[in-house]
Amino acid sequence: MSKTPQAIRGTQDIFGPDAEAFAFVVETFERVRRLYRFRRVEMPVFEKTEVFARSIGETTDIVSKEMYSFEDRGGESLTLRPEFTAGISRAFLSNGWQQYAPVKLTTHGPLFRYERPQKGRYRQFHQIDAEIIGAGEPQADVELLTMADQVLKELGITGVTLHLNTLGDGDSREAWRAALVEHFRAVKDELSEDSQERLEKNPLRILDSKDRRDQQFVGTAPKIDQFLSGDARAFFDAVTGGLDAAGVKWTRAESLVRGLDYYRHTAFEFIPDEGSEAAGKLGSQSTILGGGRYDGLMESLGGAPTPAVGWAAGIERLAMLCEGKGTERLEIAIAAENAEREGDAAEMVAIFRRQGFNAELFATGSPRKRFDKARKADPAVLISFDVRDGQHTQTLTSADSDYARAAEAEAIFAGRWNG
RNA sequence: GCGAUCGUAGCUCAGUUGGUUAGAGCGCCGGUUUGUGGUACCGGAGGUCGCGGGUUCGAACCCCGUCGAUCGCCCCA
């Protein structure tokens, strides 16, 4: 006998309550995006490698070491998508969706990054995603964030706060970056090894370093606010004002930066409050939803300048905060306690299902154990078909007095077996 | 890429300083009850102790390697 192959590291087989919670997240997202009139888009799971390499930034970890890239039979380098935004942008340009701009899009599905798996992080993971393309006004940021906030609320997630920052426009960001490099270079020898690396590759990231050696210099580091142009300042004020008007709570996070090169202006993450139940469930992978404005991305793919803003959220991480949700209790359990009654039981379960009840038939294994099995499934209504003293008997028991459709179920049962 | 912890039945786990035939609970299968209701009792199947080497009279247990998992760092959803 050959050995059973193992699943690929970092992939998951999701089943049971976890799978129900996963579906609950997706269904809730689909419902809410309709309320905001976002349109659905489906995209390829893989693209030419350059789609990601050019848009995300060559020096980012995602591009430099986390992509699942391979050559197809024609020798072309392809990559399993590590995020949605680059592929959506490519589709926007390929298909001339400028004609629909500004266009509000959502999608969800699997993404791939070659990383070491840990709690809340996988090599194949799943996100829900929302983008507004072709809208440069701060109102777009507000609408997008308000939707994100509503998705989380309707998932029943609490103890999570929107952390908001601005990276300014391109000039503001570059001036700030230069000032940060200067600031940290002066104390380079006292920084952590990681941050000495970051100084060259991605100095903004030093700001949210967890290392104490770095944190003492973060407080005195130059702030983006000192470099914001008047327009950039006004843009951010319009976003925060709009969020206040929409009733979305937020907090300013001056050191929040996003990892990818294409972000400008608004950057945000929804993060569990310290010490909250949500924080405990997530472990160290704490960001559940993140995104921002990426006004420069289309140009990097050869398109015309096109403002856009978007976010993505990890379905697995959201599902961890929705434990037990999406699982429906069994409404009708039907036991055929005698082989002679299996036909009647099968008919009954079909009737209930056609009437919109979820129902399960127990008609296999030892006839004596079927009633027990049905009861252990914890149904709201339990129906048994049996033969006693040569007579056919059928009984209905309502196990749950709170069950709303009990009377309806009893009427259907009586309608067939009125005796 | 780096670090820590852990791999025993389908699942959750015991297993003493290394010592006969590796256990329990749950689940699964079968049996017992003639009962308007049962979550009871009895029995059974199921394990190359992740895999490969080594030490030893003897290894689930000690050593080395390897694979896998979990958690953390980096990074990120």
Side-chain angles (χ1 to χ4, degrees), chain A residues 1 3-12 15-16 25 56-57 59-67 81-85 108-130 148 152 160 192-198 201-202 204-206 208-211 214 256-260 268-272 282-292 310-321 335 337-338 364-378 382-391 393-397 399:
Chain A
M1 201 162 51
K3 277 189 182 165
T4 304
Q6 291 178 316
I8 304 300
R9 168 181 287 221
T11 65
Q12 341 167 56
F15 176 73
V25 170
I56 296 173
T59 63
T60 61
D61 278 14
I62 291 179
V63 171
S64 62
K65 57 186 191 190
E66 295 176 2
M67 291 205 303
R81 62 186 181 194
E83 58 140 39
F84 281 117
T85 304
H108 63 84
L111 302 164
F112 306 85
R113 287 182 201 169
Y114 194 90
E115 291 188 280
R116 198 68 177 271
Q118 62 190 66
K119 188 175 188 134
R121 192 173 78 185
Y122 308 95
R123 286 186 173 179
Q124 177 179 336
F125 60 106
H126 303 78
Q127 288 184 344
I128 53 178
D129 181 275
L152 297 181
V160 170
S192 67
E193 297 76 14
D194 285 333
S195 284
Q196 293 186 25
E197 284 261 329
R198 293 182 181 117
K201 287 168 57 180
N202 198 344
L204 304 197
R205 290 231 77 92
I206 299 174
D208 54 13
S209 168
K210 291 170 187 164
D211 198 300
D214 302 330
L256 186 152
V257 297
R258 308 239 68 234
L260 313 183
F268 53 86
E269 292 180 357
F270 283 80
I271 304 174
L282 285 168
S284 67
Q285 311 305 313
S286 55
T287 300
I288 57 171
L289 184 153
W311 58 253
I315 297 177
E316 288 89 348
R317 292 183 189 178
L318 293 172
M320 283 191 274
L321 304 180
E337 295 195 76
N338 186 302
T364 59
S366 169
R368 291 166 186 267
K369 307 244 186 206
R370 292 177 190 174
F371 189 89
D372 265 356
K373 274 192 196 169
R375 200 172 39 71
K376 280 183 184 169
D378 191 29
L382 174 53
I383 293 171
S384 161
F385 289 87
D386 203 353
V387 178
R388 298 248 172 95
D389 303 321
Q391 298 296 308
T393 64
Q394 46 278 326
T395 63
L396 178 150
T397 311

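The figures here come from the full heavy-atom set of this structure, side chains too, leaving out hydrogens, waters and symmetry mates. Chain identifiers are assigned alphabetically (A, B, ...) following the order of the sequence lines, protein sequences preceding nucleic acid strands; residue numbering begins at 1 within each chain.
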Whole-angstrom distance between [N] and [M], as gauged at atom [atom1]:
{"N": "B:rG37", "M": "B:rC28", "atom1": "P", "result": "24 Å"}
{"N": "B:rU8", "M": "B:rC51", "atom1": "P", "result": "10 Å"}
{"N": "B:rG54", "M": "B:rG46", "atom1": "P", "result": "31 Å"}
{"N": "B:rC2", "M": "B:rC74", "atom1": "C1'", "result": "9 Å"}
{"N": "B:rG58", "M": "B:rU20", "atom1": "C1'", "result": "11 Å"}
{"N": "B:rG18", "M": "B:rA60", "atom1": "C1'", "result": "10 Å"}
{"N": "B:rG47", "M": "B:rG3", "atom1": "C1'", "result": "33 Å"}
{"N": "B:rG1", "M": "B:rC26", "atom1": "C1'", "result": "42 Å"}

Sugar-phosphate only, base, or nothing, as touched by [X] at under 4.0 Å among non-hydrogen atoms:
{"X": "A:R370", "answer": "nothing"}
{"X": "A:R113", "answer": "base"}
{"X": "A:R116", "answer": "base"}
{"X": "A:E337", "answer": "base"}
{"X": "A:T395", "answer": "base"}
{"X": "A:E115", "answer": "base"}
{"X": "A:G283", "answer": "sugar-phosphate"}

| task | Please check if the side chain of A:Q124 supplies one atom and the backbone of A:Q12 the other of a donor-acceptor pair under 3.5 Å. | result |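 No; judged by distance alone, with no hydrogens or angles, the pair does not exist.
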Euclidean distance, [Y] [atom2] relative to [X] [atom1], rounded to 0.5 Å:
{"X": "A:M320", "Y": "A:K119", "atom1": "CE", "atom2": "NZ", "result": "6.5 Å"}
{"X": "A:E115", "Y": "A:R123", "atom1": "CD", "atom2": "CZ", "result": "9.0 Å"}
{"X": "A:E269", "Y": "A:L256", "atom1": "CD", "atom2": "CG", "result": "4.5 Å"}
{"X": "A:L396", "Y": "A:L382", "atom1": "CG", "atom2": "CG", "result": "8.0 Å"}
{"X": "A:L282", "Y": "A:I271", "atom1": "CG", "atom2": "CD1", "result": "11.0 Å"}
{"X": "A:I315", "Y": "A:H126", "atom1": "CD1", "atom2": "NE2", "result": "7.0 Å"}

Within this structure, what is the [atom1]-to-[atom2] distance between [X] and [N], rounded to whole angstrom?
{"X": "A:R198", "N": "B:rC74", "atom1": "CZ", "atom2": "P", "value": "6 Å"}
{"X": "A:E66", "N": "B:rC2", "atom1": "CD", "atom2": "P", "value": "15 Å"}
{"X": "A:N202", "N": "B:rC75", "atom1": "CG", "atom2": "P", "value": "8 Å"}
{"X": "A:Y122", "N": "B:rC71", "atom1": "OH", "atom2": "C1'", "value": "12 Å"}
{"X": "A:R123", "N": "B:rG68", "atom1": "CZ", "atom2": "C1'", "value": "12 Å"}
{"X": "A:L204", "N": "B:rC76", "atom1": "CG", "atom2": "C1'", "value": "16 Å"}
{"X": "A:F84", "N": "B:rC76", "atom1": "CZ", "atom2": "P", "value": "18 Å"}
{"X": "A:R121", "N": "B:rC75", "atom1": "CZ", "atom2": "C1'", "value": "6 Å"}

| said: Run the side-chain contact (heavy atoms from CB on, under 4.5 Å) test on A:T364 and A:K373 for me, step by step, so that the C-alpha distance in whole Å, both residues' side-chain angles and the decisive distance to 0.1 Å come before the verdict. | reply: CA-CA 10 Å; A:T364 59; A:K373 274 192 196 169; 4.2 Å; yes
Pair partner, [N] [Watson-Crick or wobble, under 3.5 Å]:
{"N": "B:rG68", "result": "B:rC6"}
{"N": "B:rC49", "result": "none"}
{"N": "B:rC74", "result": "none"}
{"N": "B:rG58", "result": "none"}
{"N": "B:rC28", "result": "B:rG44"}
{"N": "B:rU16", "result": "none"}
{"N": "B:rU36", "result": "none"}

Is any side-chain nitrogen or oxygen of [X] closer than 4.0 Å to OP1 or OP2 of [N]?
{"X": "A:R317", "N": "B:rC76", "value": "no"}
{"X": "A:S284", "N": "B:rG72", "value": "yes"}
{"X": "A:K373", "N": "B:rC29", "value": "yes"}

Given [options], which nucleotide is nearest the side-chain atoms of [X]?
{"X": "A:S384", "options": "B:rC75, B:rG37, B:rG72", "value": "B:rG37"}
{"X": "A:F371", "options": "B:rG37, B:rC73, B:rC76", "value": "B:rG37"}
{"X": "A:Q118", "options": "B:rG38, B:rA77, B:rC71", "value": "B:rC71"}
{"X": "A:K376", "options": "B:rA77, B:rU39, B:rG68", "value": "B:rU39"}

| said: Is it the case that B:rC67 (base atoms only) and A:R9 (side chain only) share a donor and an acceptor within less than 3.5 Å, ignoring hydrogens and angles? | reply: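 Not at all, since no donor on one side and acceptor on the other fall under 3.5 Å apart.
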| Stepwise, does the side-chain contact (heavy atoms from CB on, under 4.5 Å) test hold for A:F84 with A:L111? | CA-CA 8 Å; A:F84 281 117; A:L111 302 164; 3.9 Å; yes
At a cut-off of 3.5 Å, list every protein nitrogen or oxygen paired with a nitrogen or oxygen from nucleotides 31-34 of chain B, distance to 0.1 Å.
unit_1: B:rG31; atom_1: O6; unit_2: A:K369; atom_2: NZ; d: 2.7

| Residue met sooner reading RNA chain B from 5', once A:I8 and A:G314 are mapped to nucleotides |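 This one resolves to A:I8.
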| message | Here's a test of your reading of the structure: between A:R375 and A:I315, which maps to the more 5' nucleotide of RNA chain B? | response |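 Residue closer to the 5' terminus by nearest nucleotide: A:R375.
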| When you look at A:R317 and A:F125, which way does the side-chain contact (heavy atoms from CB on, under 4.5 Å) test go after all the steps? | CA-CA 10 Å; A:R317 292 183 189 178; A:F125 60 106; over 6 Å; no
| request: Verify side-chain contact (heavy atoms from CB on, under 4.5 Å) between A:L318 and A:L152, making sure each step is shown before the conclusion. | output: CA-CA 8 Å; A:L318 293 172; A:L152 297 181; 3.6 Å; yes
